[in-house]
Amino acid sequence: MAEVRLYNTLTRTVDRFVPADGTTVRMYTCGPTVYNPAHLGNFRTFLFEDLLRRTLRLAGWQVHQIMNLTDVDDKIIKRASDRGLTITDVTEPIVDTFHADRAFLRIEDAEGYPKATEHIDEMIDLVARLMDRGAAYQAEDGSVYFAIDRFDGYGKLSRLDTRQIRPGARVSHDDYSKENAQDFALWKAAKEEDEKAGAAWNSPWGRGRPGWHLECSAMAMRYLGATMDIHCGGVDLVFPHHEDEIAQSEGATGAPFSRFWCHGEFLLTDGSKMAKRVGNVATVADLREQGVSAAAFRHFVFSTHYRKQLNLSAEALEASIEGVRRVGDFADRLAAATGATPELAEVAAEAEREAAEALFDDLNAPLAMGALFKFIKRANAELDRAGNDAGAIAAARNALAGINGVLDVIPDHGPADDAGEIEAMLAERRDARERRDFARSDAIRKELEDRGIAIEDGPTGTRWKRAR
RNA sequence: GGCGCCGUGGCCAAGUGGUAAGGCGGCAGACUGCAAAUCUGCUAUUCGUCGGUUCGAUUCCGACCGGCGCCUCCA
C-alpha cells in the first residue's frame, strides 16, 4: 500500500491515512438536496470526492462510499406545497437528473445512495438514544432538540466558539422554541404543509420529520458503523452540519464519528461563491449546451487543488478544452503506435510515479496533471524519433491508463455514424492531391472542417478525427 | 466583531529556506503543396506592498493593501 496523506479538518494538518480495518476505506460523502438540479459548485465537491475515491484505490485500498440523497427538507416541502404535490413528486425527477449529471461527469458510482425518507426508523432510534442519555429534549412546540451544552466536544471540528456569535453574522429567525439558541432540531414537529406534502411520520414524540443533520448520522452509522474512516463535504458544511453530526452521533455512541474529515473548497463565479441565493449558478445542462465535455470540466476542476477556491470562467474552460484535446490526441497516437524508442518506457515510468506521488500527497491533482502533460510532451518527442520497441509502447499505454484512471480526462470521440461518407470524401481529396489540384483538396478539407472533422496529413497517409 | 483561506508571467496554476513544474495563449524555427498535429527554441532576474529574521526568503515573522469564505439548515 502506498502512503496516502490527507488534510484532516479535525486536526488542521495533513495526516497519514490508513483505513481502520487495514483494507477498506469506509467513507461518507454528503450528497445533494434533491429539489433542484445540483449546480457546478456542488459538482466540484462531488468531483473532489471522486478524485479521493479513485486515489485511495490507486493506493491499493478498497473503497466503500455512501452518499446520501436528502429528499425531505424545508425547500422540498415548500416546493411541494406551492405546486400541490408530495415531496416524492418533487424529488424523484431530480434524483434522476442527479444520476445522469453524475454519469456525464464520469463520477464513479458510490456503493450506496440512501435516501433520508427511507431511513426514518434509524433516525428515530438515534433520537431515542439521545433522549435516553439526556442529550436531547422535547420543547413546547413538540420538536426535539439536541442540547449542545451536554456535549463536551461541541465546536471541535469548526473551532467556532458559539458564545462569540456577534452582530454581522447571519442570525436565524427560528420558528421553533429552544432552550438554547445554538441547540439544533433533531425531530421537527409536523405542520400542516408537512402533512399535505407527505413529509410527516409517526414517532414517540408525535408526528414530525427529521432535522437536517439527523439523516447523515443515522445513515452513515447504519451503513458504515459507529466510526467511519472519512467523512467529506463542501467547506460550508463544516459548521453547523458536520459539527452537529458529530455532536448527535458521538453523543449517542460515545465513539468517534469519523476519523478524518475532508472538505472541498468552493467554486466561485463572478468572484463569489456559486450559490442559488447569489443567483450565479450554472449546471451540467449549461455545460453541455456550451459543448464543454466531461473531460474538459474534470481538467478544469482538477487544475486547482481541492482546498483552494476555483473561479469559473470562459477562458479557463477554453484552456481546459484545448488541454484535454491534446491528451486525447496523445491517447490516439499511442493506440495507433506499434513501436517506439526504449526511452519511452522510462519516460512513462517516471510520469506514473510522479502523478501517483502527487495524488497521494493530499490529492495534488494539479501537480499530477503537470506530470501527465510533461509525459505527453516527452512521449510525443520519443514517438517522433520512431523506434521498434513494442514493450515501450505498452509501458506508455499502461502509464497513461494508470494516471487517467484517476483523473479521467481523455475526451470521447463523437459518434462515427457517417464514417463511410467521410472516407469517400478523403479518397476524393487524395486523388485531388495526387493531381496537385490543391484548390479542390483544400475545399474538401474546408467542408470536413465545417462538419467538425479535422484532417492530418502525415507521411503514412491522412488521418481524420472528429472534434471532441 | 470573531475565525479562516488566498494574492506566483497575458490567463490558469504547482512549488520550495538556496534562487520559479505544468497547461492555455503568443512569437520564431523544423515538418507540410498549404494547413493541422507534433517537435525545438523564446515568452516571470521574479513570486501583492513595506519592513524584520537569515549567509541567503517567493517560501519564516510582523504590518499594510486587495480578494474570498464561515459565524444555524448553503457543496
Side-chain angles (χ1 to χ4, degrees), chain A residues 12 29-33 38-49 70 73-75 158-172 174 181-185 211-213 232-241 243-244 263-268 271-278 299-300 303-305 307-311 313 315-327 329-330 332-333 354 358 364-377 380-385 433 436 438 441-442 445-446 449 454-459 462-465:
Chain A
R12 308 281 159 122
T29 50
C30 282
T33 298
H39 57 67
L40 297 181
N42 299 317
F43 277 111
R44 183 191 182 193
T45 298
F46 303 145
L47 245 11
F48 138 63
E49 293 156 353
T70 300
D73 98 313
D74 292 356
K75 288 181 292 257
S158 60
R159 302 192 182 184
L160 281 175
D161 183 344
T162 55
R163 290 162 305 187
Q164 294 291 320
I165 290 172
R166 289 288 176 82
R170 275 155 51 201
V171 177
S172 74
D174 210 300
Q182 276 86 51
D183 289 351
F184 57 90
W212 176 36
H213 318 300
C232 305
V235 279
D236 51 348
L237 296 187
V238 173
F239 188 89
H241 187 53
E243 194 69 64
D244 290 351
H263 295 96
E265 255 297 348
F266 287 133
L267 178 68
L268 310 182
S272 59
K273 169 182 175 175
M274 181 179 284
K276 209 66 194 158
R277 70 155 91 74
V278 182
H299 173 101
F300 165 68
S303 68
T304 298
H305 187 86
R307 285 192 287 114
K308 226 176 138 180
Q309 293 176 343
L310 168 63
N311 199 43
S313 69
E315 294 78 10
L317 243 25
E318 207 48 55
S320 289
I321 289 169
E322 199 47 37
V324 116
R325 194 228 82 231
R326 188 167 152 82
V327 183
D329 280 1
F330 174 63
D332 288 348
R333 189 176 186 188
E354 275 182 18
N364 195 335
L367 189 57
M369 201 72 83
L372 172 61
F373 278 91
K374 209 169 5 170
F375 172 42
I376 291 172
K377 191 187 187 73
N380 269 322
E382 290 304 325
L383 290 167
D384 279 358
R385 287 172 56 204
R433 292 182 75 211
R436 302 193 70 77
F438 296 120
S441 158
D442 290 350
R445 180 167 64 197
K446 178 71 169 53
E449 274 171 5
I455 301 299
E456 292 175 18
D457 294 324
T462 298
R463 290 174 42 209
W464 65 276
K465 65 182 182 185

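In what follows, chains are A, B, ... by sequence order, proteins preceding strands, each numbered from 1.
Taking side-chain N and O atoms only, A/N364 has a distance below 4.0 Å to OP1 or OP2 of B/rG15. Put simply, A/R325 has a side-chain N or O that comes within less than 4.0 Å of OP1 or OP2 on B/rU38.
Within 4.0 Å (heavy atoms only), A/N380 reaches sugar-phosphate atoms of the nucleic acid but no base atom. Within 4.0 Å of A/R436, counting heavy atoms only, lie sugar-phosphate atoms of the nucleic acid but no base atom. Among the protein residues, A/R326 comes within range of the sugar-phosphate backbone only, with heavy atoms under 4.0 Å from sugar or phosphate atoms but none that close to a base. When heavy atoms are screened at a 4.0 angstrom cut-off, A/G233 is found touching the sugar-phosphate backbone but no base atom. The residue A/G271 sits close only to the backbone: its heavy atoms come under 4.0 Å of sugar-phosphate atoms, none of a base. When heavy atoms are screened at a 4.0 angstrom cut-off, A/E265 is found touching base atoms of the nucleic acid. Nucleic acid contact for A/S272: sugar-phosphate only, since backbone atoms but no base atoms lie under 4.0 Å from a heavy atom of the residue. As judged by a 4.0 angstrom heavy-atom cut-off over every strand, A/H305 is placed among residues touching the sugar-phosphate backbone only. When heavy atoms are screened at a 4.0 angstrom cut-off, A/I455 is found touching base atoms of the nucleic acid.
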| task | I would like to know whether A/E449 and A/K446 meet salt bridge (Lys or Arg N to Asp or Glu O under 4.0 Å); could you show each step before the answer? | result | CA-CA 5 Å; A/E449 274 171 5; A/K446 178 71 169 53; over 6 Å; no
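Pair assignment for B/rG29 gives B/rC39, based on Watson-Crick or G-U wobble hydrogen-bonding distances that are each under 3.5 Å. Base pairing of B/rG56: no nucleotide in any strand meets the Watson-Crick or G-U wobble criterion (both distances under 3.5 Å). When both distances must be under 3.5 Å, the Watson-Crick or G-U wobble mate of B/rU16 does not exist. With a 3.5 Å ceiling on both atom-pair distances, the Watson-Crick or G-U wobble partner of B/rC70 is B/rG2. A 3.5 Å limit on both hydrogen-bonding distances identifies B/rG48 as the Watson-Crick or G-U partner of B/rC64.
Here B/rG2 presents its P atom at 18 Å from CZ of A/F239, a figure rounded to the nearest Å. Distance, A/M369 CE to B/rG23 P: 12 Å, rounded to whole Å. Rounded to a whole Å, the NZ atom of A/K374 is 13 Å from the C1' atom of B/rG23. Remark: C1' of B/rC12 and NE2 of A/H299 are 8 Å apart, rounded to the nearest angstrom. The distance between atom NZ of A/K308 and atom P of B/rG7, rounded to the nearest whole Å, is 5 Å. In this structure, A/K377 places its NZ atom 14 Å from P of B/rA37, rounding to the nearest Å. Here B/rG69 presents its P atom at 7 Å from CG of A/L268, a figure rounded to the nearest Å. Nucleotide B/rA37 holds its C1' atom 11 Å from the CD atom of A/E322, rounded to whole Å.
For the atom pair A/K276 NZ and A/N42 CG, the distance stands at 10.0 Å (nearest 0.5 Å). Interatomic distance, A/F266 CZ to A/L310 CG, rounded to the nearest 0.5 Å: 13.0 Å. With rounding to the nearest 0.5 angstrom, the CG atom of A/N311 is 9.0 Å from the OG atom of A/S272.
Atom name P, nucleotides B/rG48 and B/rU16: the rounded distance is 15 Å, in whole Å. Distance check on atom P: B/rA13 versus B/rC6 gives 13 Å, rounded to whole Å. As rounded to the nearest Å, B/rC60 and B/rU53 have C1' atoms that lie 8 Å from one another. Going from the C1' atom of B/rG23 to that of B/rC34 covers 29 Å, rounded to whole Å. B/rC50 and B/rA21 are spaced 30 Å apart, taking the C1' atom of each and rounding to whole Å. Rounded to whole Å, the P atom of B/rC64 lies 12 Å from the corresponding atom of B/rG1.
Map A/A316 and A/A371 each onto its nearest nucleotide of RNA chain B; the residue landing nearer the 5' end is A/A316.
In this model, a side-chain donor or acceptor of A/R433 finds a partner on the base of B/rG33 within 3.5 Å.
Distances were taken from every side-chain heavy atom of A/T304 (C-beta onward) to each of B/rG67, B/rC39, B/rA14; the shortest belongs to B/rA14. Of the candidate nucleotides B/rA75, B/rU40, B/rC73, B/rU40 has the atom nearest to the side chain of A/A381. Distance from the side chain of A/L367 is smallest to B/rA21 among B/rG33, B/rG67, B/rA21.
Counting all heavy atoms, side chain and backbone alike, A/H299 lies closest to A/F373 at CE1-CE1, 3.6 Å. Closest of all the heavy-atom pairs between A/K465 and A/E456 is NZ-OE2, 3.3 Å. Nearest heavy-atom pair across A/E354 and A/K374 is OE1-NZ, 3.3 Å.
Within the 4.5 Å cutoff, side-chain heavy atoms of A/K273 are placed close to those of A/D236.
Centre separation under 5.5 Å together with a plane angle under 30° does not hold for the ring of A/F373 and the six-membered base ring of B/rG22, so they are not marked as stacked.
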